[in-house]
Peer 1: 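A single structure is presented below for examination.
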Amino acid sequence: MSDGAQTARPEDDAADAARRRAQAERLLKTWETPKGWRYWSAVNNSEVGAWYTALAFIFMMFAGALALLMRTQLAIPENDFLSADFYNQAFTLHGSIMMFLFAVPMFEAFSIFVLPEMLGARDMPFPRLSAYGFWSFVIGGVFVCGSIFFDAAPQGGWFMYPPLTTEYQPGVGADIWLLGLSFIEIASIAAAVELIVGILKCRPPGMRINLVPLYGWYVLAVAGMVLFAFPPLIAGDLLLEMQRAFHWPFFDPDKGGDPLLWQHLFWIFGHPEVYIIFLPAIALAAMIVPTFAQRPIFGYSWIVLAAIGTAFISFGLWVHHMYTTGLPLISLGFFSAASVAVAIPTGIQLFAFIATVLTGNVVRSIPMLFVTGALAIFVFGGLTGVMVALAPFDWQAHDTYFVVGHLHYVLIGGMLFPVVAGAYYYYPLLAAKTMSASLGRIAFWLMFVGFNVAFFPMHFTGLLGMPRRVFTYPADLGWDWLNLTSTVGAYIFAAGFLIVVWDVVRPKGRQPISERNPWNAGTLEWASEMPGKPWGSRCVPIVESRYPLWDQPDFVRKIDEGSFYLADAEELKRETLVTTVLDAEPVQVQRVTGPTFLTAIAAAFTGASFIFATFHWWWLAVVSGILAMATIIIWLWKDTGRPPEKPQKDVGLGLSLPLYVSGPHSCGWWAMFITMTGDVVAFSGLVFGYFFFWTIHEHFPPEPTAGPGLFWPVTGLVLLAASWGLTTGARIWNGRGDPRALRRALGLAVPLAAAGAAALLAGPYLAGLDPTEHVYPATVWVLVGWTSVHVGLGMIMQLYCLARSLAGLLTPEYDMDIWNVALFWHFTALTALVAVAVVAFFPLVA
Amino acid sequence: MPRLSRASPAALLLWLGGCTGQQSALDPAGHAAERLADLFWVMLIGAAIIWVLVIGLAVYAVRLKDEPEHPVMGNALIIGGGVAFPTIVLGGLLTYGLILMPDLRAPGGDGLAIEVVGKQWWWEVVYRPPGGAPVVSANEVRLPVGQRVEFVLTSPDVIHSFWIPSLGGKLDMIPGRVTRFALEPTRTGTFRGQCAEYCGTSHALMAFAAIIMEQEDFDRWLAEQGRPAFESGDAEIERGKALFLGNGCGACHTIRGTPAAGRIGPDLTHVGSRLTLGAGILPNEVEAFVRWIGHTQEVKPAALMPAFGMLRESDLLAIARYLESLQ
């Protein structure tokens with residue numbers, strides 16, 4: 001299977017060998033990683049993915065250190081090791097970092113690293129977007145983590161319930177949480193978009209949708225969940241920050257607001273979040289288990305369906321975090337049933353893994369050890385999960401150490417152990433060396449025993465009445481020795497993890513380079529040479545099996561000889577193959593972008609904008625925002641979507657493919673479509689807010705307030721519709737060969753858009769709606785404000801296309817820009833339509 | 001629902017060093033807590049069996065079997081273990097759990113109702129006996145055994161959660177909303193409740209004593225609580241009262257029968273009769289009063305009450321003795 005043939009076979013003639021050498025040299029030169037300080041301008045997936053993964057681990061260890069401080073405080077009753085303030089900051093940061101800076105980014109980071117290898121692609125479709133996401137992650141993460149050193153960290157708990165986090169915590173902490181993490185959430189969504197496009201469009205020829213490695217299916221499911229789960233949280237963050245900064249009373253009951261709206265928006269995010277964390281770890285197990293069972297995964301279709309089912313059901317469970325808020329029993333019954341039901345698809349996936357092992361020849365290894373440990377821990381967490389899914393039992397367990405125990409069983413069994421298994425498994429791809437099996441075994445047993453010693457007693461601590469998030473407790477309630485045990489376990493667990501860290505970073509200079517495909521795996525990523533080359537894959541293979549390294553004869557040799565597609569880089573330009581969504585038929589060679597510092601600069605300005613806003617330094621925030629936008633425009637203008645020097649290119653095996661496509665065939669169009677889907681979900685969160693308030697108020701708009709009326713909103717809608725129509729027309733007329741019509745249409749569309757946005761804002765303004773007075777005007781303003789900001793972005797895009805057309809970069813043949821902008825405008829027009837329907841028409845019928 | 005014998009988990013109880021405790025959901029003293037403790041033990045035993053089966057199977061598959069099993073086994077496992085078994089077990093469990101709910105959340109009768117207002121970080125407690133005048137107290141909940149008492153829960157500041165594990169589950173107190181549920185104690189004794197929803201700096205220090213009494217004891221106690229404050233006549237205590245009023249304590253605290261009529265802090269009319277001080281965190285003793293009044297911010301960080309550390313020790317002591325006398 002892994003013949004490891006590096007050299008040409010005797011029957012190859014010398015000319016052939018020389019040609020291949022020249023190809024390889026050109027490829028290497030094209031994909032060369034920048035040297036010296038320029039190294040940090042790299043955007044290639046193997047660099048960015050590795051940095052991203054390493055940083056996620058560093059943040060994780062920081063959060064772990066906070067956990068050890070907390071466990072030390074709780075070791076004995078009435079301890080004064082930490083102050084109440086510090087403890088509250090510590091648990092808020094611990095949860096927030098683990099969720100937002102480790103669990104989710106970890107999956108995205110590692111997927112950026114490994115997915116192109118699994119798909120035989122050269123890189124992700126938008127390498128610079130990954131780099132931008134990474135630099136944003138650096139800035140946002142350091143900002144959030146660093147706050148605790150200035151006693152300025154958030155202390156509202158990781159779910160930040162208002163009103164505690166509005167007027168009762170006046171410091172900057174909550175703003176750091178809201179803005180710093182929103183920034184990272186946006187980067188997470190960007191990565192999700194990229195991963196979805198990567199799976200759908202950048203597969204190797206022949207890898208039909210039913211041959212996609214399970215990891216790919218999970219990435220698709222999870223990235224889709226990110227796209228639907230994070231936007232409601234961003235909408236919630238926006239509302240909460242508007243209340244903190246400008247006193248728009250969304251959560252203030254004295255002015256018609258309701259703290260429960262936050263809980264809905266938060267948990268519509270927060271519960272899928274659990275599966276966003278858990279499913280990628282299952283995905284790792286789905287790659288590891290077949291390798292060490294030495295057989296294909298058992299029940300591929302079962303697993304795919306169960307993963308997608310889990311993803312869907314996870315959006316219907318959020319209320320099980322709100323069982324104690326006094327909702328009607330009928331709701332509790334419904335959500336109990338849904339919460340229990342999610343155990344079924346989860347169970348199917350676990351049993352499919354056990355079935356794979358049962359029907360295979362097991363090779364014992366450290367990755368398998370960690371996967372088995374993960375199963376033991378996770379199954380217990382799942383069983384306690386069924387317990388708390390039942391509303392009546394949750395009335396006792398909710399917000400106690402029972403839940404703390406449960407959630408750590410789920411997250412450490414369902415995420416950390418599989419990730420460590422993945423680290424041992426994939427380390428050779430990263431470093432071309434193997435990690436130590438003997439250290440791995442010691443680390444496993446320390447972690448496994450330490451974990452259970454720390455977290456198993458917590459279930460009883462909770463049922464003996466100890467609430468979570470308490471910085472101290474009295475001595476006489478029977479919690480003392482349970483807590484002491486937990487603390488001891490936590491230190492054992494941490495020691496085990498440090499051994500893993502040591503094994504990762506210890507110098508391995510004298511250790512031999514790992515053999516190729518050291519585990520005898522069947523999936524494509526293991527075709528990688530040791531050490532790997534920056535080109536990712538020598539050529540883009542034709543895949544005919546789920547396990548090509550096992551099933552396709554001479555597969556690795558053919559890759560090495562460049563016998564498949566794109567074995568060369570004649571023009572010294574970075575290229576990867578784009579295929580169709582279902583059948584993976586090659587349709588395009590996409591030029592991907594190379595190293596640049598622009599992404600880091602853009603991230604720095606974006607980060608500065610968020611950070612200045614945290615301190616309410618509005619002008620600096622606005623200036624930074626404009627600079628960020630300018631940097632992004634330069635980056636797009638210079639290198640993105642440039643017309644190629646020739647329309648077609650020979651990719652080998654007698655196939656010639658276009659170098660440029662636009663519209664639904666292009667990666668860019670898909671990325672815009674997916675991004676805007678997420679954007680509409682965020683907007684839906686705001687609309688949900690409007691109707692939520694409508695349900696809790698007898699009159700909404702509250703008498704005697706009148707709404708913004710009909711005239712101005714309808715005028716705004718008509719003007720925006722005209723701008724949208726002209727933008728769509730511009731695309732059509734340009735496509736028919738008339739770029740002047742495009743320029744005329746866009747020239748008219750921009751002022752129409754500006755007038756439309758102004759008219760929308762004029763509605764509430766002229767009606768005298770004061771957003772600080774009551775939640776009704778605040779909600780109206782937030783809907784028209786959101787729409788207007790989108791119109792503003794749409795105007796920048798219209799102007800961009802106008803300029804591109806004038807510069808000759810947007811032509812009838814090369815029209816990707818206007819396709820994508822027209823698509824943006826479809827969504828913006830929809831947003832405007834819904835906003836006007838809600839604020840102007842709904843009050844007439846309600 | 002048949003009651004589970006208390007003997008079956010006895011071994012586990014022993015091993016745990018006892019699940020007893022003033023705040024234990026596993027040592028129930030109320031109707032709901034009993035049902036829920038039963039539910040827990042049933043689920044725990046079921047969970048233990050399932051865990052052993054699944055992990056036993058996994059360990060067999062990874063370590064013990066000699067050669068690969070036939071693929072039929074794999075399919076049987078996915079369909080049997082992944083679909084059929086959980087559907088049946090979860091369906092049964094869900095039925096068990098949902099059937100419990102209407103009973104546990106049945107409203108209280110027309111008898112006693114208690115309003116509890118959660119505040120950062122203490123509890124205002126107002127007893128509303130049927131036909132009687134309301135009685136205001138704080139940081140302690142007393143209930144007659146065998147009565148289903150309605151609790152009306154509100155909060156003027158942040159979200160809190162009212163929880164007496166020995167009696168039943170918890171319910172949140174949400175600004176702008178009124179939540180209600182009923183609790184039905186089944187035996188007398190002294191228990192402890194605590195805020196379960198994180199509510200700011202001193203969330204850990206927001207507890208209260210929950211005392212279950214015989215009906216006649218309760219009635220007598222409530223009548224006592226309804227009276228104005230006890231007048232001692234002792235000179236030292238009178239000095240303490242004068243200091244209390246002279247230092248402005250009455251701006252925040254009420255002591256019925258005196259000019260102190262503040263509504264910001266707890267009603268202190270019968271504070272000396274309570275089991276604890278500072279919302280369940282200090283014993284009710286003179287020394288504890290001194291510590292609380294002189295070092296409030298150390299005892300309860302960020303509490304609204306300023307510390308009166310500037311008072312002389314003897315003055316603090318006098319105020320403490322006065323408050324202690326308010327039986």
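Here is how names work: the chains are called A, B, and so on, in the same order as the sequence lines, proteins then strands, and each is numbered from 1.
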Peer 1: Give, as side chain, backbone, both or neither, the part of B:Pro71 having an atom under 4.5 angstrom from any heavy atom of chain A.
Peer 2: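 Answer is both: backbone and side chain atoms of B:Pro71 are under 4.5 Å from chain A.
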
Peer 1: Just how far is it from atom CZ of A:Phe471 to atom CG of B:Leu205, taken to the nearest 0.5 Å?
Peer 2: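 Interatomic distance, A:Phe471 CZ to B:Leu205 CG, rounded to 0.5 Å: 4.0 Å.
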
Peer 1: Start with the C-alpha distance between B:Val54 and A:Phe351, add both sets of side-chain angles, then the distance that settles side chain to side chain contact (heavy atoms under 4.5 Å, CB included), and finish with yes or no.
Peer 2: CA-CA 9 Å; B:Val54 174; A:Phe351 278 107; 4.0 Å; yes

Peer 1: Heavy-atom distance under 4.5 Å to chain A: side chain of B:Arg177, backbone, both or neither?
Peer 2: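 The side chain, not the backbone.
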
Peer 1: Does any backbone or side-chain atom of B:Tyr60 lie under 4.5 Å from a heavy atom of chain A? Answer side chain, backbone, both or neither.
Peer 2: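 The side chain, not the backbone.
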
Peer 1: Decide if atom CD1 of A:Ile330 counts as having more than 12 heavy atoms of other residues, nucleotides or ligands within a radius under 6.0 Å.
Peer 2: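 No, because the 6.0 Å sphere around CD1 of A:Ile330 holds 12 heavy atoms or fewer from other groups.
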
Peer 1: Roughly how far apart are B:Phe40 CZ and A:Thr384 OG1, rounded to 0.5 Å?
Peer 2: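 One finds 9.5 Å between CZ of B:Phe40 and OG1 of A:Thr384.
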
Peer 1: So which part of B:Glu197 gets closer than 4.5 Å to some heavy atom of chain A, the side chain, the backbone, both or neither?
Peer 2: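 Looking at B:Glu197, backbone and side chain both touch chain A.
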
Peer 1: Hey, is the main chain of A:Ala376 close enough, under 3.5 Å, to the side chain of B:Trp51 for a donor-acceptor pair?
Peer 2: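 Present.
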
Peer 1: For A:Asp399 and B:Trp163, run side chain to side chain contact (heavy atoms under 4.5 Å, CB included): C-alpha distance rounded to whole Å, both residues' side-chain angles, the deciding distance at 0.1 Å, then the answer.
Peer 2: CA-CA 10 Å; A:Asp399 269 336; B:Trp163 186 35; over 6 Å; no

Peer 1: Is B:Ile159 close to chain A through its backbone or its side chain, or both, or neither, when contacts mean heavy atoms under 4.5 Å?
Peer 2: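 Both backbone and side chain.
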
Peer 1: For the side chain of A:Gln396 and the backbone of B:Pro165, is there at least one donor-acceptor N/O pair under 3.5 Å apart?
Peer 2: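 Yes: the side chain of A:Gln396 pairs with the backbone of B:Pro165.
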
Peer 1: Mind checking whether A:Met466 and B:Gln23 have side chains closer than 4.5 Å, heavy atoms only?
Peer 2: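 In short, these two side chains do not touch, never coming nearer than 4.5 Å.
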
Peer 1: Looking at side-chain heavy atoms only, is the closest gap between A:Phe460 and B:Leu26 below 4.5 Å?
Peer 2: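 They are in contact (side-chain heavy atoms under 4.5 Å apart), so the answer is yes.
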
Peer 1: Once the angle between the rings of B:Tyr198 and A:Phe91 is folded into 0 to 90°, is it parallel (under 30°), tilted (30 to 60°) or perpendicular (over 60°)?
Peer 2: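 Perpendicular.
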
Peer 1: Measure B:Ile174 against the heavy atoms of chain A and call it side chain, backbone, both or neither at under 4.5 Å.
Peer 2: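 Looking at B:Ile174, just its side chain touches chain A.
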
Peer 1: Need one label for B:Ile55: side chain, backbone, both or neither, based on atoms under 4.5 Å from any heavy atom in chain A.
Peer 2: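 Only the side chain of B:Ile55 comes within 4.5 Å of chain A.
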
Peer 1: Does any heavy atom of chain A fall under 4.5 Å from the side chain of B:Ala33, the backbone, both, or neither of them?
Peer 2: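 It is both, since atoms from each part get that close.
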
Peer 1: Could you give the distance from CH2 (A:Trp479) to OG (B:Ser24), rounded to the nearest 0.5 Å?
Peer 2: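 Here the rounded value is 10.0 Å.
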
Peer 1: When rounded to the nearest 0.5 angstrom, what distance separates CG in B:Asp157 from CG in A:Leu164?
Peer 2: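 B:Asp157 CG to A:Leu164 CG: 9.0 Å, rounded to 0.5 Å.
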
Peer 1: Minimum heavy-atom separation for A:Ile348 to B:Gly82, with atom names?
Peer 2: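 Looking at all heavy atoms of both residues, the closest pair is CG1-O, 3.4 Å.
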
Peer 1: Quick one: closest heavy-atom pair of B:Cys195 and A:Pro467, and the distance?
Peer 2: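 Closest approach of B:Cys195 to A:Pro467, heavy atoms only: O-CG, 3.8 Å.
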
Peer 1: Which one of A:Leu390, A:Ile354, A:Leu463, A:Val357 has the most heavy-atom pairs closer than 4.5 Å to chain B?
Peer 2: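 Of the options given, most contacts go to A:Leu463.
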
Peer 1: Can any side-chain N or O of B:Lys65 pair as donor or acceptor with the backbone N or O of A:Thr359 at less than 3.5 Å?
Peer 2: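 The answer is no, because no donor-acceptor pair under 3.5 Å joins these two groups.
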
Peer 1: Side chain to side chain contact (heavy atoms under 4.5 Å, CB included) between A:Ser336 and B:Leu98: does it pass, once the steps are laid out?
Peer 2: CA-CA 8 Å; A:Ser336 286; B:Leu98 295 189; 4.0 Å; yes

Peer 1: Do you see a donor-acceptor pair shorter than 3.5 Å between the side chains of B:Asp172 and A:Thr324?
Peer 2: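 Yes, because at least one side-chain N or O of B:Asp172 sits under 3.5 Å from a partner of the opposite role on A:Thr324.
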
Peer 1: Under 4.5 Å heavy-atom distance to chain A, tell me which part of B:Leu93 shows up: side chain, backbone, both or neither.
Peer 2: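 Contact with chain A: backbone and side chain both.
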
Peer 1: Mind checking whether B:Leu104 and A:Trp395 have side chains closer than 4.5 Å, heavy atoms only?
Peer 2: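 With C-beta onward as the side chain, the pair touches.
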
